[in-house]
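Encoded as structure tokens, the structure appears first; notes follow it.
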Amino acid sequence: MPELRQFTCNLCEALCGLNVTVDENRVTEIRPDPDDVFSRGHICPKGPALREVLDDPDRLRAPVRRTANGWQPISWDEAFAEVASRLRAIRAEHGKDAVALYIGNPTVHGYRASLGSQALAAALGTRNKYDANSQDSNPKLFACMQVYGDGLSIPVPDVDRTDFMLILGGNPAASNGSIMSLGDVRGRLRGIRERGGRIVLVDPRRTETAAWCDEHHFIRPGGDAALLLALLHELFKHGRVDEARVEQLARGVADLRVLAARFPPERVAPAIGLDAAIIRRLAGELARAPRAVVYARVGVCQNDFGPLASWLVEAINVVTGNFDREGGAMFSSPAADIGGLARLLVGNHYDRWRSRVRRLPEFLGTLPSAVMAEEMETPGPGQIRAFVSFAGNPVLSIPNGERLSRALARLEYMVAIDFYINETTRHANIILPPTHVLESGNYDLVLLTLAVRNYAKYSPAVVAPPDGARDDWQICSELALRLAGPDVGIVQRLGRRLLDGAPERLIDGLLRFGRAKLSLAKLRAAPHGVDLGALEPSRKRKVRTPDGLVRLYPEVYRADVPRLEAWLDAARAPLVLIGRRHLRSNNSWMHNARSLVKGPDRAQLLMHPNDAADRQISDGARVRVKSRVGEVAARVAVTDDIMRGVVSLPHGFGHAQVKDTLQVAGAVDAPSVNELTDEALVEPLIGNSILNGVPVTVTAAAPEPA
Ligand SMILES: Nc1nc2c(c(=O)[nH]1)N[C@H]1C(S)=C(S)[C@@H](COP(=O)(O)OP(=O)(O)OC[C@H]3O[C@@H](n4cnc5c(=O)[nH]c(N)nc54)[C@H](O)[C@@H]3O)O[C@H]1N2
Ligand SMILES: Nc1nc2c(c(=O)[nH]1)N[C@H]1C(S)=C(S)[C@@H](COP(=O)(O)OP(=O)(O)OC[C@H]3O[C@@H](n4cnc5c(=O)[nH]c(N)nc54)[C@H](O)[C@@H]3O)O[C@H]1N2
Ligand code: SF4
Ligand SMILES: [Mo]
């Protein structure tokens with residue numbers, strides 16, 4: 001008899017409730033769960049595609065070893081023993097930093113992977129620890145550390161109650177929202193306008209989200225920090241900032257006013273390509289709206305001034321009186337709060353060490369991924385000789401992935417914890433594949449701390465994994481054990497007993513001690529989730545500066561302001577590249593699901609009609625796109641939805657090299673944009689990758705043979 005089970009999709013941050021039909025341990029259908037308290041029946045095409053990944057013949061179910069005769073299956077025990085002994089030998093000879101670790105995006109989307117990554121990192125103890133954040137949200141986390149005294153005190157827009165939302169560099173219609181976990185993003189954003197509020201979008205591309213907004217304005221990539229300063233200029237100039245009130249919760253308002261005075265709208269407008277009159281009007285609307293919030297996301301984090309802009313977003317929400325209040329920028333109060341544990345595990349620090357070759361700073365215990373290849377290639381003490389890749393595909397996701405690919409091929413040893421043989425994992429000596437989320441269960445330990453409404457949900461596994469299969473936690477904890485202690489004996493047996501089931505015990509404990517006094521048992525009894533109400537003011541708990549006051553102009557940003565001023569006056573590259581996301585794609589790894597990749601080409605190079613005409617390029621033409629580091633072929637879509645001087649390609653494609661192990665993805669004809677992005681382009685404060693605003697040239701390619 002088919003049975004219906006509830007689940008939460010773990011592919012993106014929208015946390016959609018799914019109704020999963022299971023028949024004899026097989027998933028036969030995945031549909032939206034209309035009764036899910038958070039997502040209210042919303043899903044996207046990727047949710048049902050979870051089933052395609054579960055059933056994918058290309059997905060690994062048991063460990064494999066790379067040999068001269070191709071990939072050979074091996075037992076778990078043999079695999080663990082080899083990996084542990086090789087990594088230990090390399091460590092013994094060259095020290096801990098000789099083994100690097102990359103922690104990829106899916107570790108944010110599952111508690112077993114999140115906790116497993118921490119266990120593994122602790123066991124390796126390497127300073128060569130990398131993750132996706134230096135291509136993503138580090139500027140935002142850095143801003144939270146500087147402004148609120150804690151990189152993990154991250155405000156989210158109170159979408160359900162705001163009257164005015166200014167969105168910079170986010171495309172929730174494609175991404176379903178980010179650093180704001182919100183089920184039913186479309187319904188929730190529509191709610192703002194239904195209440196008579198307004199949404200304004202600022203993006204170098206007129207995106208799918210523009211259709212959901214009242215206004216869209218183009219901005220030159222990198223322009224957001226200058227725009228925010230000009231908005232602040234107007235707010236201060238017209239007396240819209242109640243400085244006495246702001247000073248009750250924040251320091252530095254006068255310094256911020258003095259800084260903003262240098263950035264009148266007229267000064268920034270020509271550089272950012274947004275009219276001074278519009279900037280002035282937006283400042284007025286922001287100030288007059290009863291409840292307003294400025295929200296910036298990955299497009300901003302990944303540009304030249306990600307850290308400056310991310311700080312200014314926090315600052316503007318504070319000075320307009322919208323911080324920690326209804327309808328503004330607020331903190332979630334998760335039912336299971338990992339804040340304390342996370343601070344303990346990742347620490348709350350910056351620049352405690354630097355990368356060996358380029359001297360870029362550590363942040364939250366990781367180094368910028370842009371230095372990974374050079375740390376592998378450059379000889380000397382501390383050189384990376386072995387690599388552990390966990391739930392990541394950095395060859396497709398970090399700048400100049402080709403250089404990384406070449407460096408990986410020359411390592412002494414590599415292990416991947418992943419269920420696909422892709423552009424990165426193909427270099428591994430051994431691949432350890434975890435179970436699929438539908439086989440292991442889901443609780444969104446991380447993303448529930450960023451929810452726009454407090455709620456909790458636990459999804460137990462809906463199907464049993466194959467005999468002997470291991471989940472991410474089991475793989476990581478076993479490796480950690482074997483790296484930490486001797487191979488046999490009582491220590492190992494005790495350790496195993498302690499670690500088995502530890503994630504569930506931890507979550508249960510956090511839930512019981514949490515403010516909602518829940519437990520895993522209570523959540524099991526509520527398969528559509530438990531609504532815990534709207535966000536509540538909580539800055540007394542969340543602002544963790546020594547005096548409890550917000551910092552409006554942290555010292556560290558001062559050094560980067562002259563670079564911004566120079567940028568305003570600098571000559572511009574004629575053409576710069578930005579990224580984009582599509583609803584049917586998920587970073588680098590959902591392209592082996594047929595339902596998602598069928599249909600039109602979604603990896604075209606978008607180009608403005610005037611830019612195309614200047615280069616005698618016509619719609620649909622094949623072109624060569626070139627940057628300092630590489631060259632790719634692409635097909636052009638000419639459109640005035642993109643700003644003049646800007647072209648766009650999505651990331652995560654380029655699977656031709658692995659067509660034998662990813663048979664569906666390998667047939668998709670699309671380049672990897674990260675063959676063009678440049679590992680030398682990082683912003684100076686935290687070394688975040690500059691993936692938006694990469695100078696390129698585009699030339700018509702010779703016509704294809706008929
Ligand atoms: N040019 C450009 N580059 C970008 C971006 C961009 O916008 N433009 N975006 C950046 C951003 S925001 C991010 S987050 C990164 C993402 O880049 P990565 O961190 O490299 O992550 P993914 O590309 O999602 O690859 C995920 C890998 O994990 C595997 N996997 C999936 N589920 C699981 C699981 O449950 N367990 C394990 N062990 N493995 C699993 C998949 O097979 C795949 O190999 O890319 C960044 N790169
Ligand atoms: N369908 C789908 N959903 C996803 C993902 C996916 O790959 N596919 N990835 C997930 C991940 S890892 C993340 S981090 C989130 C990201 O979620 P979002 O932040 O919403 O990411 P994008 O859709 O890439 O939107 C970024 C926007 O920034 C714009 N932009 C580029 N440069 C600039 C700039 O300098 N200034 C401004 N103002 N805008 C700029 C781009 O044109 C783009 O529209 O999405 C998540 N959700
Ligand atoms: S929006 Fe799509 S990918 Fe994201 S959680 Fe919902 S169903 Fe999954
Ligand atoms: Mo991301």
Side-chain angles (χ1 to χ4, degrees), residues 7-18 30-33 36 38-39 42-50 104-106 108-109 131-138 140 166-186 201-210 216-228 272-274 295-306 309 397 437 442 444 447 576-591 596 602 606 641-643 646 648 650-653 690-694:
F7 207 78
T8 299
C9 178
N10 75 328
L11 291 173
C12 83
E13 296 168 57
L15 312 179
C16 294
L18 306 176
I30 297 181
R31 298 180 57 82
D33 173 8
D36 186 275
F38 195 54
S39 61
H42 169 94
I43 60 167
C44 87
K46 295 187 295 305
L50 277 176
N105 171 275
V108 177
H109 298 265
D131 67 19
N133 281 330
S134 58
Q135 280 63 250
D136 185 352
S137 49
N138 270 349
K140 171 81 179 178
L166 174 60
I167 303 178
L168 309 173
N171 184 12
S175 69
N176 277 286
S178 180
I179 313 202
M180 58 167 181
S181 301
L182 76 178
D184 187 18
V185 60
R186 182 181 198 151
L201 177 67
V202 174
D203 194 304
R205 180 165 77 90
R206 193 181 301 112
T207 61
E208 300 79 356
T209 300
H216 162 259
H217 301 287
F218 287 124
I219 187 168
R220 191 156 287 136
D224 306 84
L227 168 65
L228 288 157
I272 72 174
L274 214 165
Y295 162 79
R297 202 43 284 270
V298 94
V300 172
C301 281
Q302 295 168 338
N303 73 31
D304 281 76
F305 299 99
S397 63
V437 68
N442 187 18
D444 285 284
L447 296 176
V576 295
L577 176 70
I578 63 168
R580 72 176 185 272
R581 284 175 164 73
H582 192 278
L583 197 57
R584 287 182 173 271
S585 172
N586 193 43
N587 294 328
S588 73
W589 74 279
M590 287 294 286
H591 304 142
L596 297 180
R602 299 187 186 94
L606 307 184
D641 283 341
I642 190 124
M643 192 176 186
V646 182
S648 162
H651 77 285
F653 289 94
I690 297 172
L691 303 170
N692 288 325
V694 177

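Counting starts at 1 for both ligands and their atoms, in listed order. This one's a predicted model, so the numbers in the text were calculated from it and none came from an experiment. We count residues from 1, following the sequence as given.
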Are the side chain of [X] and the backbone of [Y] linked by a donor-acceptor contact shorter than 3.5 Å?
X	Y	result
Asn303	Gly306	yes
Asn692	Gly579	yes
Thr8	Leu15	no
His216	Asp203	yes

Find out whether [X] and [Y] are in side-chain contact, i.e. whether some heavy atom of one side chain is under 4.5 Å from a heavy atom of the other.
X	Y	value
Asp36	Cys16	no
His109	Glu13	yes
Leu227	Leu168	yes
Cys44	Asn176	yes
Arg581	Asn586	no

Side chain, backbone, both or neither: which part of [X] has a heavy atom under 4.0 Å from ligand 2?
X	result
Lys46	side chain
Val298	both
Thr209	neither

Practice task
Give a yes/no verdict on whether any heavy atom in Asp224 is under 4.0 Å from an atom of ligand 2.
Solution key: yes
From [atom1] ([X]) to [atom2] ([Y]), nearest 0.5 Å:
X	Y	atom1	atom2	answer
Leu50	Phe7	CG	CZ	7.5 Å
His582	Asn171	NE2	CG	10.0 Å
Met643	His217	CE	NE2	12.0 Å

What protein heavy atom sits nearest [atom], and how far away is it?
atom	result
atom 47 (N) of ligand 2	Ser175 O, 3.0 Å
atom 25 (O) of ligand 2	Asn171 N, 3.3 Å
atom 43 (C) of ligand 2	Asp203 OD2, 3.3 Å
atom 8 (N) of ligand 2	Ser585 O, 2.6 Å
atom 33 (C) of ligand 2	Gly299 O, 3.4 Å
atom 7 (O) of ligand 2	Asn587 N, 2.7 Å
atom 26 (C) of ligand 2	Gly169 O, 3.3 Å
atom 14 (S) of ligand 2	Asp136 OD2, 3.2 Å

Flag [X] as yes when one of its N or O atoms lies below 3.5 Å from any N or O atom of ligand 2, and as no otherwise.
X	answer
Leu168	no
Gly223	no
Ala174	yes
His582	yes

Exercise for the section: Run through the protein N/O/S atoms less than 2.8 Å from atom 8 (Fe) of ligand 3 and write them out by chain and number. Expected result: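 For atom 8 (Fe) of ligand 3, the protein N, O and S atoms that sit under 2.8 Å away are Cys9 SG.
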Exercise for the section: Run down the list Arg581, Met180, Gln302, Arg220 and name the one with the heavy atom closest to atom 22 (P) of ligand 2. Expected result: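 Result: the heavy atom closest to atom 22 (P) of ligand 2 is in Arg581.
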Handout entry: Of the listed options Asn692, Asn303, Ile219, Leu11, closest to atom 32 (N) of ligand 2 (non-hydrogen atoms)
Key = Asn692
Could you tell me which atoms of ligand 2, counted from 1 in the order shown, lie closer than 4.0 angstrom to a heavy atom of [X]?
X	answer
Ile578	32 (N), 42 (O)
Leu583	1 (N)
Thr207	44 (O)

Handout entry: Flag for Arg205-Ser648: side-chain donor and acceptor within less than 3.5 Å
Key =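 The answer is no; no qualifying pair exists.
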Practice task
For Ser585 and His591, test the side chains for any donor-to-acceptor distance below 3.5 angstrom and give the result as yes or no.
Solution key: yes
Fill in the blank from the handout: Taken in chain and number order and not counting sequence neighbours, the residues that satisfy side-chain hydrogen bond (donor to acceptor under 3.5 Å, both in side chains) with Asp184 are Arg40
Practice task
Check each of Pro650, Ser175, Pro204 against Arg580 using the side chain to side chain contact (heavy atoms under 4.5 Å, CB included) test, and report the only one that passes.
Solution key: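 Exactly one candidate clears the test, Pro650.
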